[in-house]
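Worksheet: the structure to be examined is printed underneath.
From a predicted model like this one, the values you see are computed outputs, not experimental measurements. Reminder, nothing fancy here: chain letters follow the sequence lines and each chain counts from 1.
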Amino acid sequence: METKQPHKLPHSPAYNFLLQAGPRLYLLHQVHAHIVVSGYGRSRSLLTKLLNLACAAGSISYTRQIFLAVPNPDSFLFTSLIKSTSKSHNFSIYSLYFYSRMLLCNVSPSNYTFTSVIKSCADLSALKHGRVVHGHVLVHGFGLDVYVQAALVALYGKCGDLINARKVFDKIRERSIVAWNSMISGYEQNGFAKEAIGLFDRMKETGVEPDSATFVSVLSACAHLGAFNLGCWVHKYIVGNGLDLNVVLGTSLINMYIRCGNVSKAREVFDSMKERNVVAWTAMISGYGTNGYGSQAVELFHEMRRNGLFPNSITFVAVLSACAHAGLVNEGRRLFVSIREEYHLVPGVEHHVCLVDMLGRAGLLDEAYNFIKEEIPENPAPAILTAMLGACKMHKNFDLGAQVAEHLLAAEPENPAHYVILSNIYALAGRMDQVEKVRNNMIRKCLKKQVGYSTIEVDQKTYLFSMGDKSHSETNAIYHFLDELMWKCREAGYVPVSDSVMHELEEEEREHALRYHSEKLAIAFGLLKTSHGTPIRIVKNLRMCEDCHSAIKFISAISSREIIVRDKLRFHHFKFGSCSCLDYW
DNA sequence: ATAGGGTTAG
């Protein structure tokens, strides 16, 4: 006997059959036939449930077929359909389609309809459609519905329209945790890590208790900024408040530790996780790779396989680049072949780049170039040629470099980075006439190279420095300290490396720039502001130049400090006068 | 029945 519940009637047998079938097409077809035969074919609740399951089973045509058989579909049925289709990324477009059908049929949308259709617009990054739907929200009087408002914040955030995200957010009277999370995540996803953290602080002041989704965004922001102390605070908060370390939150933590250069803490978190999927393994593999532990990255890749998980294309990028940075050429070649042969995936541009980069770094320029010519004979992607060009510069192969650069400049004439590398190559070859030509070309096209900057976190605040920067309040003390430091370095044997990077600069800029590259300023500031024994962590937006790399080795020895620099590509751990990259970048 | 989250070379 079933126990009687006051609010819940027991399901009909047909409904129970549907529940048992679940999102499995062949079973749904059977139950559907049974429903029709037994005369329940017009039951709205049964058809709605069937429709949801058909959609969850992945068959849009079957879903549509069921829908079309319903005479005069009402708001509930339309909404149900729109919600089902909004749940799968593949069907987002159908969600918009059914929404427009709904309006055409003169059926009124509800706040439930809007949350779903807005989510679909967000998943599609369809800002224009989203704006139109926002208009409908206002017309139908749901402008102050907290659920709809939170969805709108997420929509604008995902579409990169932070102004409008903030406008909606500011109008919300009772901000739910989801509204806060959507806004914080919007800032973070668009590269405004500082703003994300600032809003998180305001959220705390307001007395709203953060949850795991909040911390996922905050940890991403920490990762972005290299904000180790704030990241550690978050970790302690998570543990102290007994938040469940689910796979997403765990991966965020791993990523935070990795991007702050602390691989062992990342591994601790990894080992403590109950559930680990490919994304978590990939984060850890990439962490070993970027921090210079190539063989550990490869080892972890194989361990993942032994655990029965399959790598995806991002996993291969992580493990191949780990091989590239560690000089593990044979292993890298084998892994590349396995993408197709063992895993039946198709290597993409990103994998070709890794392979060319790996061969190029190892000095196998001919093999790399032949690979491009044979595997991608027609229009190799600029990224692949860029990797090839970098290798030519690294191994001072001027002829091949000029040849590759010619292709590259034809393909991307507006990218200043290509001109910079080419002029570097000519400078290394001593062809100053060519350097001049390339530079004039850049000037004529009004192309400027990217401005370098470095950041450092002190007392949970992030400070930014750029080359020759004098905007900081303690500029004088920093420069004075840095001058003394560089003097000590020279006494210890440091010789400034006037490498090719210098040749792009105007004559009078050189000496100034050499001493005051942004990472040196940030390190000087860090040494002044933090106590002995604390590692200095720097994040740089470009690659480090050879001179800084050499200088920082001396600085680490003289000041007896561990200095960790994350550049555009990887980490450098400086300790006792040497670097973890072993000068193989 | 409602909204928000993690991995990627150069």
Residue of the set A:Phe215, A:Phe200, A:Phe169 for which ring-ring contact (aromatic ring centres under 6.0 Å, His included) holds with A:Trp180
A:Phe169
Tell me the interatomic distance from [X], atom [atom1], to [N], atom [atom2], rounded to whole angstroms.
X        : N      : atom1 : atom2 : answer
A:Gln149 : B:dT2  : CD    : P     : 18 Å
A:Phe142 : B:dT2  : CZ    : P     : 16 Å
A:His418 : B:dG10 : NE2   : P     : 15 Å
A:Leu335 : B:dA9  : CG    : P     : 16 Å

Looking at residues 171-178 of chain A, who's got a heavy atom less than 4.0 Å off DNA chain B?
A:Ser176, A:Ile177, A:Val178
Applying a 4.0 Å non-hydrogen cut-off, can you work out what [X] is touching in the nucleic acid: base, sugar-phosphate, or nothing?
X        : result
A:Asp145 : nothing
A:Glu188 : nothing
A:Ser110 : nothing

In residues 380-392 of chain A, what donor-acceptor pairs under 3.5 Å come from side-chain atoms, sequence neighbours left out?
from: A:Thr386; atom 1: OG1; to: A:Pro382; atom 2: O; distance (Å): 2.7

Is A:Ser252 side chain donor-acceptor paired with the B:dG6 base, going by distance under 3.5 Å alone?
no
Once ring-ring contact (aromatic ring centres under 6.0 Å, His included) is applied, do any residues pair with A:Tyr112, and if so which ones, sequence neighbours excluded?
none
ring-ring contact (aromatic ring centres under 6.0 Å, His included) against A:His235, all qualifying residues, sequence neighbours excluded:
A:Tyr257
Quick one: salt bridge (charged side-chain N to carboxylate O under 4.0 Å, His left out) partners of A:Glu299, sequence neighbours excluded?
A:Arg306
Listing, residues 148-158 of chain A side-chain donor-acceptor contacts under 3.5 Å, not counting sequence neighbours, or none:
from: A:Gln149; atom 1: NE2; to: A:Gly143; atom 2: O; distance (Å): 3.1
from: A:Tyr156; atom 1: OH; to: A:His134; atom 2: ND1; distance (Å): 2.7

